[in-house]
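Chain letters run A, B, ... following the sequence lines, proteins first and then strands; every chain starts at 1. What you see below is based on every heavy atom in this structure, not just the backbone, and it leaves out hydrogens, waters and symmetry mates.
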Amino acid sequence: MGKEYKTITDIAGPLVFLEKTEPVAYGELVTITLPDGTTRRGQVLDTAKDFVVVQVFEGTRGLDKSCSVRFTGDVVKLNCSKDMLGRILSGSGEPIDGGPKIVPEERREIVGAAINPYARQYPREFIQTGISAIDGMNTLVRGQKLPIFSGSGLPHNDIALQIARQAKVRGTEEEFAIVFAAMGITYEEAHQFMKEFERTGALERAVVFLNLASDPAIERLITPRMALTAAEFLAYEYDYHILVILTDMTNYCEALREISAAREEVPGRRGYPGYMYTDLATIYERAGRIRGRKGTITQMPILTMPGDDITHPIPDLTGYITEGQIVLSRELHAKGIYPPIDVLPSLSRLMKEGIGKGMTREDHKEWNDQMYAAYAEGVDLRGLVAIVGEEALSERDRRYLKFADEFERRFVNQGKYEDRDIEYTLDLGWELLSILPEEELTKIRREYIEKYHPKYRKKAEGEAGKAEAAA
Amino acid sequence: MEVKTVGSVGEIYRISGPLVVAEGLKAKMYDVCKVGEEGLMGEVVSIRGDKVLIQVYEDTSGVRPGEKVVNTGMPLSVELGPGMLGTIYDGVQRPLPALKEVSGDFIGRGIEAPGLDRKKKWAFKPTVKKGDKVKGGEIIGVVKETELISEHRILVPPNVSGTITEIYEGDFTVEDTIAVLDNGVELKLYHKWPVRIPRPYVEKLPPEIPLITGQRILDTFFPVAKGGTAAIPGPFGSGKTVTQHQLAKWADAQIIVYIGCGERGNEMTEVLEEFPELKDPRTGRPLMERTVLIANTSNMPVAAREASVYTGITIAEYFRDMGYDVAIQADSTSRWAEAMREISGRLEEMPGEEGYPAYLASRLAEFYERAGRVKTLSGHIGSVTVVGAVSPPGGDFSEPVTQNTLRIVKVFWALDAKLAARRHFPAINWLQSYSLYAEILRPWFEKNVAPDWGELRNWAMEVLQEEANLQEIVQLVGSDALPDAQRILLEIARMIREVFLIQYAYDPVDTYCPLEKQYDMLKGIKMINDWMFKALEMGKPVEEIINVPGKEKFARAKFEENYKPVMEEALAEIRKNLIGE
């Protein structure tokens, strides 16, 4: 074990400065002992021959220059074990559920190395979440990182829970294990998650990391890395399919800004550090599939957009790294629609490989294009209606308006416990498309229209019925 | 005071993220150093008094002050020779498959892997003989690298010249000597070149030949010349990467260098899985055979990301020097600029706009200036076309990287989130985009495709412009209230947008549209336009005109490989319905 030092020169915000130490490694784990015997943990942020800068995870309250600092010679690691499943850990990986300590099978560095792009396998397996606006419009696949862009007061937690509850890959019995990392969320929110996990029995196959709003902000910087280390261990050592829910990434970024400000770094946009993109990437890019390994890591980070502004640096940088985004809309929420997913700015970049014949259904791709175009047209027309009134519209335009309304009320809107399978979602979409004149369906090939359009289906079913009756 | 000895080995004084400060080290700017016991690769970026600042290309966790730093005395260089095509490299030319062999699925640290395979033998055929005088950049022989690039021309390093005293034919590895000069210099199949120094050429030539991409909006409306520069800025989700992929797949360059700079890991995997499957439309060979990939994903070390762009363009210049047309895609230059910002911040340099270093503009300009169509040292003509994606924060084009890029590049393909939300792809805004090559290239298109190419293009642009003006009125009063002629114009504009501009990257046929088909499609729309106005003159009701049967069939012709009969049939039907002939 390393030497102890009592050479603190400055304490500023979450940072402690020391001088005259033995060579200390960059990133080394540090234990600080307070005069009353309690300890705090920290990490080396900057190290030189004559000074060291330490960031203290649990905050610097109560620290003074007489504290002793010990360098452990080790970087921050997580005790990994299969027994993590079913456990509740603190934001820095210590059990807080009153259970025994976790006996590590392996101690892993929480800063994961980058996956070699050459070793990756492209994600293709469709995950059915049972939510039409996701499955039909912005399909999630295994190994994807798909964030929810929300706003304060919107039901993102309900959606995350619903996905955690319902997500499955069809035709397989494999279950998801869930790694849940809470960063700076309120006790109430955390309680909602825990209660729901317990109620549905999901806790048994979940690892929960809790950093609540009252916990030190700096700890949030390691919480998602702890969670992803646990996820990697379970996915790559025990072949689990992991769904990682990180909430709320906005709090993480605030903590990052705090550290950056304390170090007096040159700020980038809105005071966030210039390296926030790289930093977020080292979290989000830990999702994926690796060739030759069974387990996968799917990520669903949740972030609240400050002021509902999608161009704010946090959602903006996230969107540049993740493979799409699910955007929640305050307007839909106000209309009483759950889940209030605004499909227009939402996107799933990986859906094109995960849908279609053999995965969802052959017509899905073209159906998706048509649904998007029709809804966008309907929403555009609403602007016109506000000016000229609905009477001035042509019959065609009126039908588009009706489509947009029905799309929101019937397709997007569904129950919190309603688990729709993909066929139901697609057929519901067809029913809505039949509101439009048939010649407007230019994006779907004739063959599929004749096969799936309710008009032809009824006819076909009717004929089949007649034939049966005749027999 | 103790006198410090300064040599090629020094000691670490300080570590702050990717920046390491060494002391007691003799170094020149941009020398490559091996840092710490693990030998992490780094580059000298600043010298301050007796301290040397080094940016390290790998994660520095666990490195301590006092560990040694070794200066190799060489600037960051790439190995140029046969074996690069079809390979995927990281930002400092380490082959990713080799890294996987050494460190598994995750990238370890301190691994050295040469850019070119040392064991593979290449059949070398000399094209010069004993006694010939050769100078820098000259071709001394060829090896067959892939089926697609059957002539990898072996060049004399640009800074070497002399008379050949020995030259051999046969199978050699890249390190074997293939020729000896009278001054004792031994030539090999490869040579090294520092990435930050542009490779020399004789002269730049005017950009008179278009880079054909098979993308209608690009070729017809906003073409880029071979040797030209283009930028694709757009917010996330607007289709930058898909457009870059389309160019990498279909552009009629002989060599493609694709730099994934700070982007998503899965996207590189997509390229890796897809390109070997895709066939070159001209030769039927896998596209991978003409492609060099450089992948420095967003979670790989930031300093290597800064270097990756230079690595890529140096490789491109090398193929240019053989007399090839090379297209380089950098996705995305914003990530590169951010890497510069990050390093600059660690160096505690005075920041310019939005925290970017003051030299951002000059670095961007230097990079794009390495594009061009040139006469090479060997007397051939080769070109490097640079297409850079830009990822402006919040889709705001007024930010420094977009603005500084636009000051340099000649083609601007503006991606538009609104179009993307309507699933209008490629979501390139036709009103905001421009190409300064359009007029220079017009004679080429008129000579090689159709004499009325330029006229047709300008007509279509006018219609779209007019539509944009009318849209404002339509927003207020609805389209039914417009005069008949304007309603026809709107319908024609709609056809240009939906039939011509929308192109399906994932449709097996529509993904690549030859120039002739582009012309036929636009010409068809122009013909329909003329018939509609004629029908109007003949007194046909406007509702009937704009809803004329046959339009749908015309729209579908783009999905046909053999589109001509379908299109002709559709046009005949439309003509008959409109003017009865």
Let me know if [X] has heavy atoms under 4.5 Å from chain A in its side chain, its backbone, both or neither.
X        : result
B/Tyr13  : both
B/Val302 : side chain
B/Lys418 : neither
B/Ile12  : backbone
B/Ile15  : both
B/Leu99  : both
B/Arg109 : neither
B/Val474 : backbone
B/Arg422 : both
B/Pro18  : neither

Roughly how far, to the nearest 0.5 Å, is CG of B/Asp59 from CD of A/Glu109?
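Separation between the atoms: 8.0 Å.
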As an exercise, state the distance from OG of B/Ser16 to CD of A/Glu265, rounded to the nearest 0.5 Å.
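Rounded to the nearest 0.5 Å, the OG-CD separation comes out at 7.5 Å.
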Within a 6.0 Å radius of atom CD on A/Glu264, are there more than 12 heavy atoms belonging to other residues, nucleotides or ligands?
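No.
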Should we count NZ of B/Lys553 as having more than 12 external heavy atoms under 6.0 Å?
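Check passes, neighbour count above 12.
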Top residue by heavy-atom pair count (under 4.5 Å) with chain B, among [options]?
options                                : answer
A/Asp397, A/Ile283, A/Val53, A/Ile321  : A/Ile321
A/His312, A/Glu28, A/Lys365, A/Arg269  : A/Arg269
A/Leu280, A/Val75, A/Asn116            : A/Asn116
A/Thr322, A/Asp279, A/Leu317, A/Asp309 : A/Thr322

Determine, for [X] against [Y], whether the closest basic-nitrogen to carboxylate-oxygen distance falls under 4.0 angstrom.
X        : Y        : answer
B/Glu11  : A/Lys49  : yes
A/Arg120 : B/Glu267 : no
B/Glu270 : A/Arg349 : no

Specify the closest pair of heavy atoms between [X] and [Y], including all atoms of both residues, with the distance to one decimal.
X        : Y        : result
B/Asn266 : A/Gly143 : ND2-O, 3.8 Å
A/Ala119 : B/Asp105 : CB-OD1, 3.7 Å
A/Val266 : B/Pro351 : CG1-CG, 3.5 Å
B/Arg264 : A/Gly319 : NH2-O, 3.1 Å
B/Glu552 : A/Glu439 : OE1-O, 4.4 Å
A/Thr47  : B/Pro65  : OG1-CG, 3.4 Å

Below 4.5 Å from any heavy atom of chain B, which atoms of [X] appear? Answer side chain, backbone, both or neither.
X        : result
A/Ile290 : side chain
A/Lys145 : side chain
A/Pro315 : backbone
A/Arg270 : neither
A/Leu350 : side chain
A/Arg286 : neither
A/Gln325 : side chain
A/Pro345 : neither

Check: A/Tyr122 main-chain N/O paired with B/Glu273 side-chain donor or acceptor under 3.5 Å
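Judged by distance alone, yes, a pair lies under 3.5 Å.
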Option that, when pairs with chain A are counted at under 4.5 Å, heavy atom only, ranks first among [options]:
options                              : answer
B/Met268, B/His424, B/Arg305         : B/Arg305
B/Ser391, B/Ala295, B/Gly66          : B/Ser391
B/Leu293, B/Leu272, B/Thr60, B/Asp90 : B/Thr60

Between [Y] and [X], do the side chains contain a donor N or O and an acceptor N or O under 3.5 Å apart?
X        : Y        : value
B/Thr297 : A/Glu285 : no
B/Arg335 : A/Tyr277 : yes
A/Tyr284 : B/Asn299 : no

Listed by chain and number, what are the side-chain hydrogen bond (donor to acceptor under 3.5 Å, both in side chains) partners of [X], not counting sequence neighbours?
X        : value
B/Glu348 : none
A/Glu390 : none
A/Lys443 : none

Hey, which of B/Lys100, B/Met300, B/Glu263 is the one that makes side chain to side chain contact (heavy atoms under 4.5 Å, CB included) with A/Pro117?
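Single pass found, and it is B/Met300.
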With a 4.5 Å cut-off on side-chain heavy atoms, are [Y] and [X] touching?
X        : Y        : value
B/Tyr504 : A/Asp369 : yes
B/Arg14  : A/Phe51  : yes
B/Ser298 : A/Thr278 : no
A/Thr311 : B/Pro393 : no
B/Ser61  : A/Gln43  : no

With chain B as the partner chain, list the residues of residues 374-381 of chain A whose heavy atoms fall under 4.5 Å from it, by residue number, and write 'none' if nothing qualifies.
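At a heavy-atom separation under 4.5 Å, chain B is reached by A/Ala376, A/Glu377, A/Asp380.
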When you measure from the centre of the six-membered ring of A/Tyr26, is the NZ or CZ of B/Arg64 under 6.0 Å away and within 45° of the axis?
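No cation-pi geometry.
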